[in-house]
Amino acid sequence: MSEKVGLLKYMQKEPTPKKEPSQEKIEEIETEVDEEVSGDEEEEVEVKFEGLPYFCPENYGPGLVLSVEYDGKSNLAFARLYDPKTKKLFCWYDNTNHHPYCYSDLDCEKLRQNKKLMSHEGLLNFEEVEKYDLLSDKTVKMTKIVAKDPLAIGGKTNSIREILPKAWEARIRYHDNFIFDRNIIPGLFYQIEKGNIIKTTTEIPSPIKKQLETALGETNKFRDVLDEFLPLFLTPVPDIKRAAIDIEVYSPIQDRIPDSSTAENQVICISIVSSENENRILLLRREDVEAGERPKGLPQDVKIEYFNSEPQMLKRAFEAMSEYPIIITFNGDNFDLRYLYNRAVRLGVKKEEIPIILTNEFAYMTTSIHIDLYRFFHNRSIQVYAFSDRYKEETLDAISKALLNVGKLTLNKSIHKLSLLELAYYCWWDSQVTLKLTQFDGNLVMKLIILLMRISRLSAEDLTRQGVSSWIKNLFYYEHRIRNYLIPLPEDINRIKGIGETKAIIKDKKFRGAIVVEPEAGVHFNVAVLDFASLYPSIIKEYNLSYETVRCPHPECRKNIVPETNHWVCTKRNGITSIIIGFLRDIRVKWFKPKSKDRTLKEEERIWNSIVERALKVYLNASYGVFGAEHFPFYCLPVAESTAAIGRYAIQRAIGKAKSLGMKIIYGDTDSVFIKNPSPQSIEELRNWSKKELQIDLELDKEYRYVALSDRKKNYLGVFRDGSVDIKGLTGKKRNTPQFAQESFLKMVETLSRVQSQEDFDKAKKEIQEIARTCYNKIKNKEFSLEEFAFHIQINKPLHSYVKTTPQHVKAARQLTKNGKELKPGDIISFVKVRGKDGVRPVELASKEEIDTEKYQEYLKSTFEQVLDAIGIDFQKIIGVTRLDMWV
DNA sequence: GCGGACTGCTTACCT
DNA sequence: ACAGGTAAGCAGTCCGCG
């Protein structure tokens with residue numbers, strides 16, 4: 001065994017650096033100076049791992065693949081796997097002689113004439129291959145250009161992809177390429193046998209498989225895809241050992257966030273809480289601060305270690321963190337890990353002793369997998385589809401309140417004034433809340449992450465840091481690679497497919513979207529809402545939409561026109577994205593959705609099915625939008641546009657059919673129709689018609705006792721038969737609305753929920769009048785607190801970049817910054833409306849005297865009118881003639 | 001010098 | 001860095017007005 005020092009000392013066997021094959025002899029010419037491309041490259045460069053402190057066994061496993069990365073020192077791809085028995089990571093280095101590469105449409109002969117290419121020191125060899133090009137629907141001859149290291153392909157100014165006139169698949173990161181080519185699926189189990197990595201197969205019970213095939217239908221065109229995906233959906237996820245960390249930094253000024261890039265101030269506390277119930281608090285003694293009493297909330301078994309030296313404390317923390325295969329943080333990329341690293345360097349700790357690697361945006365660990373939950377929860381798709389918008393703000397406090405029902409501790413003094421033990425408690429609290437975010441509902445978040453990793457073929461670190469378009473991109477890349485399809489260049493898709501043809505209603509949008517039916521204002525009793533089940537994915541599936549099938553090269557397909565456009569769709573082959581999205585849709589709708597509600601199943605199984613169902617929903621909901629997103633590598637406006645156009649066609653046809661059946665449509669939005677007082681038979685007839693005529697399922701989604709519609713679209717209040725209420729779009733429930741208005745609004749809604757019939761309305765109207773009048777008078781007499789008066793509006797960009805206009809919340813924010821408060825995008829400004837120059841004042845600085853009561857009365861009026869309009873009450877009449885009007 | 005009509009900006013929502 | 005459509009409030013601009 002080697003005597004190698006440093007981090008490599010734990011390796012059982014050092015990976016043998018890649019040998020260079022020589023199928024094609026390449027002459028040596030003197031090389032040019034390499035220049036690394038600066039950070040403004042559009043894609044991430046590989047993270048530089050240089051030797052890792054892992055056990056790299058010859059025979060071992062099975063373990064769960066958590067990451068696949070590239071090690072610059074050995075010039076090899078490697079995987080980090082989690083061993084459920086020892087609860088530790090182990091490592092596997094590529095022994096398959098895989099190399100970075102890209103494709104050229106030039107043959108070897110031509111390429112050899114390219115001096116610059118031939119003299120590139122990273123060039124290994126050429127290989128002539130055949131690929132299937134979906135854009136031309138033809139087999140094409142390509143040359144695979146193989147290189148020694150990823151930077152030779154791309155990432156430097158003289159990389160091969162820059163030398164070639166045109167290079168395919170040259171912008172896919174090496175470790176992703178490796179995942180695709182070796183078919184290593186992150187999130188599944190693998191065994192190491194004689195140094196080779198081998199997938200541990202999941203037994204799918206044959207009855208289940210039979211049931212599934214039946215569920216997907218006799219003419220199931222997804223049979224191959226099913227085999228590929230089933231293990232991803234059915235392999236259980238183990239409980240992975242992990243620890244959450246949180247640090248506190250000394251900050252002499254309140255409201256000032258410590259700068260993690262300079263790390264000027266002391267780290268005064270580090271807390272590590274693990275899934276194995278190990279709690280550690282590392283606390284720095286400070287001369288001027290007393291220990292204080294141990295807070296009651298801090299459990300007795302939580303160990304506190306005191307340190308006199310900060311570097312000692314940091315080193316101890318690094319050791320402790322390295323014991324865990326997964327480190328969880330909340331904003332560790334930008335704060336905790338970044339601060340620890342920079343602080344340690346500043347205090348003279350040797351870089352080799354810091355197990356952290358920083359890039360521009362991210363923080364990784366050499367000894368663990370780092371998951372930054374802030375990034376994951378910040379992801380819009382996760383927020384909206386996985387957690388149904390239950391948290392509205394991406395702070396630890398807001399998320400834990402929404403999902404765990406516990407918030408952060410409230411501090412009554414600033415951090416630097418806390419006693420040591422108070423500080424310890426505060427720090428510990430945050431780290432245990434962070435850990436709990438991965439544990440609630442039977443490790444829901446961890447399971448969701450692993451499942452999304454499997455579907456996207458992304459490591460835990462990449463998955464949690466990338467958005468849904470990257471997840472879909474990676475899945476599509478993989479599906480191309482296994483079918484030997486050439487991954488098209490975005491510019492070729494664009495050139496061949498062209499741009500949009502429809503005109504958007506909103507200025508600056510690229511194509512026309514959905515239809516919203518003009519609501520019939522008033523109260524409607526007995527309303528059924530029918531909607532198309534996942535409309536856009538269904539369209540993509542049933543109408544064969546994909547970047548290669550829309551405006552395909554075959555003249556004979558040109559008759560197959562998409563309504564309202566001149567786009568045509570291929571009649572000869574199944575589109576790849578149509579197949580993938582179609583499969584995900586079918587298996588969600590026909591299997592996981594029903595199974596997640598199936599009471600005959602064990603609860604654990606039901607929960608798992610609902611996690612899969614939610615994961616699939618995330619992909620499906622984004623599947624149409626990505627084709628209209630310029631940065632998406634399969635960006636294809638005609639696909640997005642056709643999807644929306646067929647959607648409009650579907651809802652219009654359905655409305656037409658409903659009317660012909662004598663139904664009254666009172667509202668509709670995108671994929672739904674609100675039908676007044678329909679007969680069950682006509683609903684059935686409409687549904688059957690839709691299935692037959694449009695090939696899309698129309699479902700009875702909701703039944704309201706009554707719906708109150710104003711003349712505003714996307715604004716309504718529906719009361720279900722059981723008295724529960726659906727509120728959409730109304731100001732009263734928006735998060736920026738002042739509390740006083742929300743509460744009065746809620747009272748009105750409560751009153752309305754008790755209404756059973758037309759007759760009840762008269763009573764309800766009286767009650768509502770009373771609610772409105774009471775609130776109106778309370779405003780006049782300023783009986784609400786400043787907090788209740790406050791609007792809460794988010795700033796979405798740095799304050800200095802509001803240049804075109806200065807909205808009120810920005811005015812308020814600027815007043816705060818004058819007082820020394822630091823504000824950043826994402827922060828929510830609470831302000832009240834006041835009489836006088838600016839018209840606004842942040843709550844922190846406001847006084848009750850200056851409240852502009854007229855503005856508030858006006859606001860209450862408009863909040864209530866959204867509902868009162870519908871039920872036929874005039875707000876002005878409720879509160880009587882006022883002020884000036886009296887003399888008119 | 002001021003107010004109304006208008007457009008544009010911004011946020012938060014719906015599907 | 002998934003899309004487009006809608007509401008609401010306010011900021012800013014232009015124009016007319018003895």
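Worth knowing before you read on, the calculation uses all heavy atoms, side chains too, and leaves out hydrogens, waters and symmetry mates.
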Original post:
Counting only heavy atoms not in A/K855, do more than 12 fall under 6.0 Å of its NZ?
Top reply: no
Original post:
Centre of A/Y667's six-membered ring, under 6.0 Å away, within 45 degrees of the axis: is that where NZ or CZ of A/R712 sits?
Top reply: no
**OP:** Using the ring of A/Y802 (Phe, Tyr or Trp, six-membered ring only), decide whether A/K797 places NZ or CZ under 6.0 Å from its centre and within 45 degrees of its axis.
**Re:** yes
Subject >> A/K713 with A/D669: basic N within carboxylate O range, under 4.0 Å >> reply: no
**OP:** Please give the angle, rounded to 10 degrees, between the axes at the start and the end of the helix from B/dG1-C/dC17 to B/dT15-C/dA3, where five pairs define each axis.
**Re:** 10°
For this output row, return yes or no: ring centroids of [X] and [Y] closer than 6.0 angstrom.
X: A/Y477; Y: A/F634; result: yes
X: A/F627; Y: A/Y547; result: no
X: A/Y859; Y: A/F791; result: yes

Original post:
Listed by chain and number, what are the ring pair (Phe, Tyr, Trp, His ring centres under 6.0 Å) partners of A/Y536, not counting sequence neighbours?
Top reply: A/Y624
Subject >> A/I793 or A/K507, whichever maps to the more 5' nucleotide of DNA chain B >> reply: A/K507
Original post:
chain A on DNA chain B: first and last contacting nucleotide, 5' to 3', under 4.0 Å to a heavy atom?
Top reply: B/dC9 to B/dT15
**OP:** Identify whether any heavy atom of A/D531 sits under 4.0 Å from a base atom; if not, whether one sits that close to sugar-phosphate; answer base, sugar-phosphate or nothing.
**Re:** nothing
Enumerate the protein-to-nucleotides 1-11 of chain C contacts in which both atoms are nitrogen or oxygen and the separation is below 3.5 Å.
unit_1	atom_1	unit_2	atom_2	d
C/dA1	OP2	A/G467	N	3.4
C/dC2	OP2	A/S469	OG	3.2
C/dC2	N4	A/Y385	OH	3.4
C/dG4	OP1	A/K510	N	3.2
C/dG4	OP2	A/K509	NZ	3.3
C/dG4	O3'	A/G513	N	2.8
C/dG5	OP1	A/I505	N	3.4
C/dG5	OP1	A/G513	N	3.0
C/dG5	OP2	A/I505	N	3.4
C/dG5	OP2	A/I506	N	3.2
C/dT6	OP1	A/K713	NZ	3.0
C/dA7	OP1	A/K713	N	3.1
C/dA8	OP1	A/R712	NE	2.5
C/dA8	OP1	A/Q866	NE2	3.2
C/dG9	OP1	A/S862	OG	2.7
C/dC10	OP1	A/K833	NZ	2.3
C/dA11	OP1	A/K811	NZ	2.8

Subject >> A/Q794: partners by side chain to side chain donor-acceptor pair (under 3.5 Å), with sequence neighbours left out >> reply: A/R735
Subject >> Qualifying side-chain hydrogen bond (donor to acceptor under 3.5 Å, both in side chains) pairs with a residue from residues 507-517 of chain A, counting only residues at least two apart or across chains >> reply: A/K510-A/E630
